[in-house]
Structures are given as structure tokens and as C-alpha cells.
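I have a structure here, written as C-alpha cells, and I will follow up with some questions on it.
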Amino acid sequence: MKNLNRRIFLIQSAALTSATLATQVSASDKKMKAAAPGERLSEADSYPKSMGFKLESKNVDKTRYPRHTTEQYCSRCQLYEGNATEGECSFYGGRIVPAAGWCKNFKLNKSAA
Ligand code: SF4
């Protein structure tokens, strides 16, 4: 009887683990679908908004982001891939951001101009 209870416990644990993994994969899929490459990132969208994203770095709230400087903008970020006007941001799933944009995830690309 003790072995039977143990087997039932193990089977239930495996089922619960599978269900949890399926939920996590599903959430990840939704996130990927939400981040449509080629789409323009908007200041109004909730996630970019929570990251302080601005289409122009000069409009960043200095009170909220005191470490922001005018030297920080998308085309100088490691996650930006584009030209002098606009490019894709890998942090936002390849959405298009302006070269002059900014968000709090800015990481200086030391080889950028
Ligand atoms: S992660 Fe970098 S490239 Fe993307 S929006 Fe933020 S500052 Fe711009």
C-alpha cells in the first residue's frame, strides 16, 4: 500500500510538472507573438512605458531616471541594429525604434559612434 501511494504521488508530480512547463512555454509563445519584428515600438504600450521608453532621448524624465544622459540613445545601444535613423531593438523582439530613442535598458555599445 505504501508503494502504491508513492507511485500515485510520483505520477501526480510528473503530471503537475508537465502542466507547469506547458504553461510556461505558452506564456513565452505569447510574449514572442506580442513582439512582432518590424512593428514600431510605441511609447504608449504598457511594457515600453514601464521601461521609460521615449522616441527621443531628450524627452526622458530626468527625475525618474537621474542616471540618464543625453549621450544615451538607441543607436549607441548594444541592442540596436540599424542605421542613423531607425533600427531593430532585440530587447523588444525586433521592433523598430528611432535612433534617437531611449529606454532604461540602454547598454552602451562601446564600438558605436
Ligand atoms: S534597449 Fe537600447 S535600443 Fe532598445 S529601446 Fe532601449 S535604449 Fe533603445
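Read the numbers this way: they start at 1 and go in the same order the structure lists the ligands and their atoms. Counting begins at 1 with the first residue of the sequence.
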_Check: Tyr47 and Tyr92 side chains under 4.5 Å, non-hydrogen atoms_ = yes
*Report yes if the side chains of Leu79 and Asn105 come closer than 4.5 Å at any heavy-atom pair, otherwise no.*
yes
*Determine, stepwise, if the pair Lys107 / Asn109 fulfils side-chain hydrogen bond (donor to acceptor under 3.5 Å, both in side chains).*
CA-CA 6 Å; Lys107 307 262 186 300; Asn109 179 355; over 6 Å; no
_Taking side-chain hydrogen bond (donor to acceptor under 3.5 Å, both in side chains) as the criterion, tell me which of His68, Arg76, Glu71 meets it with Ser57._
His68
*Can Asp45 and Arg95 be counted as an ion pair, charged N to O under 4.0 angstrom?*
yes
*Check whether any heavy atom of Tyr73 sits under 4.0 Å from an atom of ligand 1.*
no
*Which one of Tyr65, Tyr80, Phe91, Phe53 satisfies the ring-ring contact (aromatic ring centres under 6.0 Å, His included) criterion with Trp102?*
Tyr65
*Is it true that Glu56 and Lys54 have a side-chain N and a carboxylate O under 4.0 angstrom from each other?*
no
*How about atom 2 (Fe) of ligand 1, which protein N, O or S atoms come within less than 2.8 Å?*
Cys77 SG
*What atoms of ligand 1 come closer than 4.0 angstrom to any heavy atom of Tyr92?*
5 (S)
